[in-house]
> 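Below is the structure I would like to discuss, written out as structure tokens.
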2 protein chains.
Amino acid sequence: MSALTNAIEILRCFSSARPDLSFADVMALTGKPKSSTSRLLRSLRDCGLLEQDPHTRRYRPGLLTFELGRLHRAHDDLISMAERELREVCARTGHTGYIAVLDGYEQVVLRIVPGSNPLRVVNPPGQRTPALATSNGRAMLARLTDEDIRARVPATYPKLPRNSPQNFKQLMARLDEIRRTGVSEAADESIEGVGSQGFALKSGETGEMIGIAVSYSVQATTAAERADVRRELAAMAAKLRRMTGDPLDQDTARVQTGTR
Amino acid sequence: MSALTNAIEILRCFSSARPDLSFADVMALTGKPKSSTSRLLRSLRDCGLLEQDPHTRRYRPGLLTFELGRLHRAHDDLISMAERELREVCARTGHTGYIAVLDGYEQVVLRIVPGSNPLRVVNPPGQRTPALATSNGRAMLARLTDEDIRARVPATYPKLPRNSPQNFKQLMARLDEIRRTGVSEAADESIEGVGSQGFALKSGETGEMIGIAVSYSVQATTAAERADVRRELAAMAAKLRRMTGDPLDQDTARVQTGTR
DNA sequence: AAGGCAGTTCCAAATTCCGGAACCTTGTCC
DNA sequence: GGACAAGGTTCCGGAATTTGGAACTGCCTT
């Protein structure tokens with residue numbers, strides 16, 4: 001096992017759950033003897049990969065990781081990062097993927113990932129739709145405060161497709177459901193026979209939010225397939241949220257009663 | 001020279017000016033033989049510290065640096081406290097705020113608070129600049145001992161913008177002025193037409209130091225506005241120093257003649 | 001076909017790393 | 001104050017990794 005491998009093993013001990021570690025923590029987590037841990041921690045600290053709190057003596061990722069991390073992100077902004085993940089999911093499931101942003105009470109499609117299944121693409125990039133009537137649109141709305149939502153929805157509630165929420169109360173009920181379950185689903189709304197599932201992704205850095213959805217024909221898919229999509233989306237959401245530092249928990253905590 | 005040292009040497013080749021590097025770039029920058037470079041790059045890639053673009057084959061900082069970078073001082077009291085205050089000042093004045101730390105004779109931007117005034121942000125987080133040429137950088141240096149400063153500044157004094165101190169003596173004169181007046185100001189240094197005012201904040205608990213600055217367009221602000229910024233900053237500094245137990249007086253008391 | 005570019009693999013010598021044990025430091029308890 | 005424990009560092013010989021020159025492999029270009 002090389003010195004670099006050991007160094008990485010230490011670095012990988014840090015996580016959002018454990019953003020800083022004591023000497024003893026590192027020893028316990030890596031299972032290495034004291035002398036090795038001591039030497040390695042010192043090296044990592046000296047080279048800037050770790051920092052040590054002068055008071056508590058605990059270690060945390062260093063300035064160098066911060067600088068390098070910023071450079072990594074430069075190549076991978078929120079949208080292209082999400083698009084890459086979405087492509088994989090669409091390739092696996094055969095369905096069509098969407099990435100959109102919120103603008104007022106509408107959403108605008110930014111990217112589309114055509115699936116292999118024969119389903120005509122009806123929402124090209126630039127397409128504007130009421131966010132109230134799509135899975136990812138509602139997922140984005142669900143992350144706003146109730147106050148903010150009220151301000152966005154027009155005074156006279158818009159006329160929406162049959163299966164969409166028909167008034168403000170119905171809308172809030174659906175958003176609460178999304179907040180509770182973390183799942184946003186749509187079927188037979190904007191387009192007859194088309195369903196979708198989506199979620200909202202927010203960058204911890206810039207605060208920008210995008211909505212990601214996978215869309216399919218309701219008739220041509222089985223319940224099992226749709227459950228599979230749900231699993232795929234959940235995994236993608238988890239991965240992307242880790243990558244972008246999505247501040248998911250702080251968002252709605254104070255506003256809603258349920259915990260999410 | 002240890003394997004880790006060599007690895008770090010490679011990682012330090014990356015910067016905002018050079019966010020990705022080819023094999024040849026790394027070889028040229030480190031001066032190491034081909035075989036060593038090849039082995040090391042592969043190790044770094046395999047462990048996640050670097051990524052390789054599958055198409056161009058160029059290297060860039062990897063996902064691991066991104067994840068660790070997010071953890072860097074993620075819940076640092078000093079910084080988040082300062083950021084909160086800075087946000088208020090920036091909201092009131094409309095100017096852009098920066099929080100940075102000192103690393104050698106350079107500073108690294110940690111946080112930025114965009115102002116409402118139209119001034120393009122040219123120093124994103126992670127940006128590295130000579131601390132000698134910024135208001136908050138010099139404010140931080142001013143709180144070190146003369147001995148420490150001398151050790152940090154390179155033997156051959158770096159070439160700095162026109163309005164920055166051009167040699168060690170000029171630098172010390174400016175630092176003494178900061179120590180005397182408690183005010184650090186910059187104008188037309190790193191960026192033409194941009195001025196800033198800053199101060200250094202030190203935690204009495206951990207001893208860590210950060211530099212806080214407010215930046216504005218020199219042309220688009222009046223002297224009165226800048227005086228207002230000075231008052232805002234003085235108030236913020238006083239408040240933060242009380243909150244963090246900044247041991248301001250002990251710092252330089254022994255070193256300098258004036259009391260501040 | 002030859003040549004240059006980009007990078008990998010091989011190998012023996014040399015350096016570094018590993019980990020047990022002894023040794024410091026600091027804070028704590030009686 | 002003295003003893004003790006926890007937390008951490010230093011030492012050292014044997015073991016393992018690293019090193020860099022040279023040869024090798026693809027892959028373009030001329």
Side-chain angles (χ1 to χ4, degrees), chain A residues 1-15 17-65 71 75, chain B residues 1-15 17-65 71 203-208 245 247 250:
Chain A
M1 193 178 253
S2 76
L4 189 60
T5 312
N6 287 321
I8 298 303
E9 195 183 353
I10 289 184
L11 291 180
R12 289 208 183 272
C13 292
F14 293 89
S15 67
R18 282 196 229 92
D20 62 351
L21 298 171
S22 69
F23 181 98
D25 292 338
V26 175
M27 242 180 71
L29 286 165
T30 61
K32 294 275 178 234
K34 282 204 293 187
S35 56
S36 305
T37 306
S38 178
R39 239 179 308 111
L40 223 29
L41 279 177
R42 185 220 300 272
S43 306
L44 288 169
R45 169 159 51 77
D46 290 350
C47 74
L49 241 28
L50 289 183
E51 282 175 4
Q52 188 171 25
D53 185 301
H55 186 237
T56 67
R57 311 211 43 132
R58 293 173 72 81
Y59 295 87
R60 62 180 176 225
L63 191 58
L64 182 58
T65 67
L71 295 178
H75 269 272
Chain B
M1 195 176 252
S2 74
L4 188 59
T5 312
N6 287 321
I8 297 304
E9 194 182 355
I10 290 184
L11 291 181
R12 289 209 182 270
C13 293
F14 294 90
S15 67
R18 288 198 223 87
D20 61 352
L21 297 171
S22 71
F23 181 98
D25 293 337
V26 174
M27 240 179 74
L29 287 165
T30 62
K32 293 273 176 239
K34 281 203 295 187
S35 54
S36 304
T37 305
S38 177
R39 246 179 304 109
L40 221 30
L41 280 176
R42 184 219 295 274
S43 304
L44 287 169
R45 170 160 50 77
D46 289 350
C47 75
L49 242 26
L50 291 183
E51 284 174 3
Q52 188 172 24
D53 188 298
H55 186 239
T56 67
R57 306 199 49 90
R58 292 173 72 81
Y59 295 87
R60 62 173 177 242
L63 190 60
L64 181 57
T65 69
L71 298 177
S203 160
E205 194 113 1
T206 65
E208 63 186 328
Q250 295 131 45

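Here is how names work: the chains are called A, B, and so on, in the same order as the sequence lines, proteins then strands, and each is numbered from 1.
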> Between A:Lys34 (NZ) and C:dA22 (P), how many Å, whole number?
12 Å

> Please report the interatomic distance CG(B:Leu50) to CZ(B:Arg45), rounded to the nearest 0.5 Å.
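Result: 9.0 Å between the selected atoms.
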
> Hey, which sits more toward the 5' end of DNA chain D by its nearest nucleotide, A:Ala24 or A:Ala3?
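Whichever sits nearer the 5' end wins; that is A:Ala24.
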
> How many angstroms lie between atom CG of A:Leu64 and atom OG1 of B:Thr65, to the nearest 0.5 angstrom?
8.5 Å

> Expressed as a whole number of angstroms, how long is the span from B:Lys32:NZ to C:dT15:P?
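Atom NZ in B:Lys32 sits about 14 Å away from atom P in C:dT15.
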
> Please report the distance, rounded to the nearest Å, between CG in A:Asp53 and P in D:dG7.
17 Å

> Give one of base, sugar-phosphate or nothing for A:Ser35, where a contact means two heavy atoms less than 4.0 Å apart.
base

> Quick one, A:Pro19 and A:Phe14 - any side-chain contact, counting heavy atoms below 4.5 Å?
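With C-beta onward as the side chain, the pair stays apart.
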
> Can a salt bridge be assigned to the pair B:Arg57 and B:Glu51 using a cut-off of 4.0 Å between side-chain N and carboxylate O?
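Between B:Glu51 and B:Arg57 there is no salt bridge, as every charged N stays at least 4.0 Å from the carboxylate O atoms.
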
> Taking CZ from B:Arg57 and P from C:dT8, how many angstroms apart are they, rounded to a whole number?
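From B:Arg57 CZ to C:dT8 P: 6 Å.
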
> Let me spell it out: for each of A:Ser2 and A:Thr56, pick the nucleotide of DNA chain D with the closest heavy atom. Which residue's pick is nearer the 5' end?
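Checking each residue's closest nucleotide, the 5'-ward one belongs to A:Thr56.
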
> Per the atom types in the model, does the base of C:dG7 pair as donor or acceptor with the side chain of B:Thr37 at under 3.5 Å?
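By the distance-only test, no, there is no pair.
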
> How many whole angstroms separate atom CG of B:Leu41 from atom P of C:dG7?
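So the CG-P distance, B:Leu41 to C:dG7, works out to 9 Å.
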
> Output yes when at least one side-chain N/O atom of A:Ser36 is less than 4.0 Å from OP1 or OP2 of C:dC18, else no.
no

> For the pair made of CE in B:Met27 and C1' in D:dG21, what is the distance, rounded to whole Å?
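Taking CE of B:Met27 and C1' of D:dG21, I get 13 Å after rounding.
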
> Can you find a side chain N or O atom of A:Asn6 that sits less than 4.0 Å from OP1 or OP2 on C:dC18?
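A:Asn6 to C:dC18 OP1/OP2: side-chain N or O found under 4.0 Å.
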
> In whole Å, what is the span from the CG atom of A:Leu40 to the P atom of C:dC17?
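Roughly 9 Å, once rounded to whole Å.
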
> Using atom CZ of A:Phe23 as one end and atom P of D:dT10 as the other, report the distance to the nearest whole Å.
11 Å

> Start at the 5' end of DNA chain C and walk down; is the nucleotide closest to B:Ser22 or to B:Arg39 reached first?
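In this pair, the answer is B:Ser22.
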
> Working to the nearest 0.5 angstrom, can you tell me the gap between B:Thr5 OG1 and B:Ile10 CD1?
11.5 Å

